[in-house]
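Single-structure report; data block below.
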Amino acid sequence: MRRIYFLLFAALSALLPSLAQAAWWQADWAYRKPITIDAGPQGAAIGADAGRTPVLVRLHTGNFNFDGVSDTGADLRFIAGDDKTVLNHQIEQFDPLLGMALIWVDLPALPVAASQQIWMYYGNKKAPASGNGQRSFDPDYTLVYHFAESGVPARDTTAYGNHAQTMTTTAEGTLIGRGSMLGNAPLTLPASPSMAVAAGGNFTFSAWVRPETLGAGQVVYVRRDGSAELIVGVDQGVPFVQVNGQRSSPGQPIQAGQWSHLAVKADGQTVTLLVGGRTAATLATALPAFNTPSTLGTDSSAANGWNPMVGVIDEVRVSKVARPDSLLLADALSQGAESRLTAFGPDEQQAGKSHFGFILAAMPLDAWIVVAVLGLMMVFSWMIMIGKSRSYGAIDKANASFMGHFRDAAGAPLDSLAKGNKVPESIRKDSSLWRLYAVAVEEMGRRHARGYDLNAVSSATIGAIRAAMDGVMVRENESMSRRMNWLSTTIEGAPYVGLFGTVIGIMLVFVVAAMAGAVDINSVAPGMAAALLCTAAGLGVAIPALFGYNWLASRSDAIGADMAVFVDEFATRLAEEQGEGRTLRSV
C-alpha cells in the first residue's frame, strides 16, 4: 500500500507542474518570471490611469539569479498577461557578472483599477537580440537619454536619433545606472525638426537631478530662440520654471545630495512645474516657438547671469506632447530606489521546478561553498557512523558468542579454550573479550614456561594478569573511540559553518538590493531564503551526527562495561581455580 501511495504521489508531482504551465509562450524559452505591475493603492498609487508607459524593470541577485540567461540578455522577452502579446523592451544595462540589469518595458496601459501581470521569458541561447528597443518609448518621445554609454556623447534611444552635441563626464552609480555630471560644461541638445516647438505648442521635459550644492539661479534646462526663453532651474533649493521672464511662484524645496524628479509640461495654455511627480507651480502662459539647440546644466549665454547646476543628471526625456500628470507621477514613483510599482514572483521552468529548486537557483557562490563544506562534513560523519555501527555490532555479536563458549567451559582449565582451539576464527577476529582472554592466557603460559606458578598462581601473578588485561581493555576502548571526535566536531561546528554562510548571504542580499535600489520583499526574499538554507544545511548535518554520536557512545559504553565485567570474572575464576588460597578437592 505504501508503495502505491508513493507511486501516485510521484505521478502527481510530475503531472501537476505540466498542467499548471500548459500555457507557455514559446517552447524554445526554458524559463519565465512573473512580474506584477500594480499602480493602484496597494502599489505605486498614482491615482489615475497613466496610459502607455515605459516601466523600469530592475533585476539584481535579490530577485533574479541570472542563471540560464544569455550574457547580453539577448534572449529576454517580455510577454503580456495573455502569454501571447510581445511587449517592446529596451536594455539600458545588463551585467550578469555584477548581477544587475536595467530594462525598460513598454506597457500599452497602466490602469489603477487592477494590477496586471507580465512575463519575462529567458533561457534560449539561440535567440537573436530583440530589435524593438527604439519602439519601447512611444513616438511622442523625441529624446530619451539614459547616459548608459561612457566616453561618447549621450545617445538618444528613440528612433529620432537626437544625440547630444557635446561631451560630458559620465557619473557612475546614479539613480538608474549611469548619469552625467553637470556644472563643468553645457550638455547641448540638438536643434532637429523633431525637437522644434511651435508657438503655443505642447511640450514635456523631465529629468532626475541631484544637486551637490544649492545656490542662486542654478539652471537645469535652458532653451532660447531670440528673445524667447524657457528655463527650468533651482533657486536656493526651490525649483522653478521661467517663460519669457515670467517665473513660477516658489514651492517645496529640494535637498542637496538627494535625487529629485523635475518635470515641466506645456499644453498650449499653461506651463506646469512638477516636482516628484506632483504639481508644484503653474504659469498661465503658452510656450513661444523654439527652433534652436537647448542646453542642460549651463546657460549658453553667460551674460544672462544664470549659474550652472553643479551635480548629476539622469534619465532626461523630451516629448512633443503634454504628458499626463499620472504618467509623470508614475515615473517619479517607479524609477527611484523604493519603487512599489513592480513586484517579482518566483521563476518557473518549463519542465517544472520545486520551491526548493528555486531556493537552490537563488544561492550565490559563497552559499554553494558553505553547502559543499557541509556536504563533506556530512559524508565523513555518516561514513564514521555507519562504520562504527557495523563494527560495534560485530564486536557485540562476537562477544556474546565468546561468552557462551567461556561459560560452557566452566570447570575446565581456563586455558582450555585457547589450547583446544574451540573458538571459531570469526569470533577471535571480532571479539574484544577474546583478545582480553588471549592476553591473560598468554601471560599465564609465559610464567609457566619460566617455571613460575606451577602449583598455584600467586596474588602478584593475578595482579599482573589483570594489569595486562586492563591494558588491552584501554586499547580496545581507544580503538572504539577513534574518529568519534570528528562526530563531536561536526555536531558543534556544522551549525556555525551554516550560520556563517547565512550571515554572508544576508549581507550580500542587502548590499545588492541597496546598489540596485530595490528593497521590496520580492527582491530580497529569494536571496534571504538561499542564505537561510545554509543554516538549515548546518543543522541537517549536525542533528543526525548528534543522534548517531549518542547512540554509538552508549553502545561503546556497553561494550566497555562487558570488558570490565569479564576482567573481574576471569580474575575471580583464576583465583578460585589456581590461586594460593584455593581449597583442593579430596581424592
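All residue numbers in this chain count up from 1 along the given sequence.
- A donor-acceptor pair is defined here as one N or O able to donate and one able to accept, closer than 3.5 Å; such a pair exists between the side chain of S248 and the backbone of V241.
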Open item on the list: Run F147 and L187 through side-chain contact (heavy atoms from CB on, under 4.5 Å) and show every step you take.
Closed with: CA-CA 12 Å; F147 302 102; L187 196 162; 3.7 Å; yes
Task: Candidate pair I37 and I35, rule side-chain contact (heavy atoms from CB on, under 4.5 Å), full reasoning - done: CA-CA 7 Å; I37 312 295; I35 303 175; 3.9 Å; yes
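- Note that CG of L110 and OG of S334 are 8.0 Å apart. Values are rounded to the nearest 0.5 Å.
- Qualifying side-chain hydrogen bond (donor to acceptor under 3.5 Å, both in side chains) partners for Y122, counting only residues two or more places apart in sequence or in other chains: D347.
- In this view, Q335 and W208, D331 satisfy the side-chain hydrogen bond (donor to acceptor under 3.5 Å, both in side chains) rule, not counting sequence neighbours.
- Side chain of N88 to backbone of R135: a donor-acceptor contact under 3.5 angstrom is found.
- Within 6.0 Å of CE in M167 there are more than 12 heavy atoms belonging to other residues, nucleotides or ligands.
- Applying the ring pair (Phe, Tyr, Trp, His ring centres under 6.0 Å) criterion to W29, with sequence neighbours excluded, gives W25.
- The main-chain N or O of T188 is never found under 3.5 Å from a side-chain atom of T295 such that the two would form a donor-acceptor pair.
- Residue I118 holds its CD1 atom at 11.5 Å from CG of D83, rounded to the nearest 0.5 Å.
- A donor-acceptor distance shorter than 3.5 angstrom exists from the side chain of T166 to the backbone of P186, with no hydrogens or angles considered.
- With a 4.5 Å cut-off on side-chain heavy atoms, K320 and Y160 count as touching.
- Not one N or O on the side chain of K265 forms a donor-acceptor pair closer than 3.5 Å with the backbone of V321.
- Atom CZ in R210 sits 10.5 Å away from atom CG in L182 (nearest 0.5 Å).
- For A322 against N202, the heavy-atom pair with the smallest separation is N-CB, 3.8 Å.
- Taking the six-membered ring wherever Trp is involved, the centroid distance between the rings of Y221 and W306 does not fall below 6.0 Å.
- Taking the side-chain hydrogen bond (donor to acceptor under 3.5 Å, both in side chains) definition, one finds that R340 meets it with nothing, sequence neighbours left out.
- Comment: E348 engages R32 in a salt bridge, judged by a side-chain N to carboxylate O separation of less than 4.0 angstrom.
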Task: Derivation of the side-chain contact (heavy atoms from CB on, under 4.5 Å) call for R323 and F203 - done: CA-CA 8 Å; R323 294 292 178 181; F203 169 83; over 6 Å; no
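- Under 3.5 Å, the side chains of T158 and D156 contain a donor-acceptor pair of N or O atoms.
- Closest approach of E212 and G311 over heavy atoms only: CG-CA, 3.6 Å.
- Of all non-hydrogen atoms in A50 and P324, the two that sit nearest each other are O-CG, 4.5 Å.
- Proximity of L274 to D325: side-chain heavy atoms (C-beta onward) are separated by under 4.5 Å at one or more points.
- Side chains of Q90 and H146: a donor on one and an acceptor on the other come within 3.5 Å.
- Between F66 and F94, a ring centre-to-centre spacing shorter than 6.0 Å is recorded.
- Here Q242 contributes atom CD and I231 contributes atom CD1; the two are 5.0 Å apart, rounded to the nearest 0.5 Å.
- Residues M309 and V234 approach most closely at CE-CG2, 3.7 Å, considering heavy atoms.
- Distance CG/L341 to CD1/I46: 7.5 Å, rounded to 0.5 Å.
- Considering every non-hydrogen atom in both A48 and S326, the closest pair reads O-CB, 3.4 Å.
- A salt bridge (Lys or Arg N to Asp or Glu O under 4.0 Å) check over residues 163-190, counting only residues at least two apart or in different chains, returns the pairs E172-R178.
- A side-chain donor-acceptor contact under 3.5 Å links S136 to the backbone of H89.
- When side chains are defined from C-beta on, E92 does not count as touching I103, because their heavy atoms never get closer than 4.5 Å.
- When only modelled atom types and interatomic distance are considered, T270 and T282 share no side-chain donor-acceptor pair under 3.5 Å.
- Annotation: side chain of L262 is in contact with side chain of P239 (closest heavy-atom distance under 4.5 Å).
- Side-chain atoms of L287 and L230, non-hydrogen and from C-beta on, do get closer than 4.5 Å to each other.
- A donor-acceptor contact shorter than 3.5 Å links the side chain of D75 to the backbone of G123.
- Both tests do not hold together for R58 against F64: distance to the six-membered ring centre under 6.0 Å, angle to the ring axis within 45°.
- When all heavy atoms of W382 and P544 are compared, the pair lying nearest together is CZ2-CB, 3.8 Å.
- Using a 3.5 Å distance cut-off with no hydrogens or angles, the side chains of N162 and S192 do pair a donor with an acceptor.
- A donor-acceptor pair under 3.5 Å links the side-chain atoms of Q165 to the main chain of H163, judged by distance alone.
- Not a single side-chain hydrogen bond (donor to acceptor under 3.5 Å, both in side chains) links R77 to another residue, sequence neighbours left out.
- The closest donor-acceptor contact from the side chain of E315 to the backbone of L175 lies at 3.5 Å or more, if one exists at all.
- Under the 3.5 Å distance criterion, the side-chain polar atoms of Q350 are matched with a main-chain donor or acceptor of A27.
- Using a 4.5 Å cut-off on side-chain heavy atoms (C-beta onward), I313 and V316 make contact.
- Counting heavy atoms from C-beta outward, L87 and P108 have side chains that approach closer than 4.5 Å.
- Going from atom OG of S180 over to atom CG of D314 covers 9.0 Å, rounded to the nearest 0.5 Å.
- In this structure, D140 does not pair ionically with R52, as no charged nitrogen and carboxylate oxygen lie closer than 4.0 Å.
- Remark: the T502 side chain and the T535 side chain contain an N/O donor-acceptor pair separated by less than 3.5 Å.
- Side-chain contact check for F500 versus V503: every heavy-atom pair is 4.5 Å or farther apart.
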Open item on the list: As a quick check of understanding, evaluate side-chain contact (heavy atoms from CB on, under 4.5 Å) for I91 and W104, giving each step before the final call.
Closed with: CA-CA 6 Å; I91 297 178; W104 297 95; over 6 Å; no
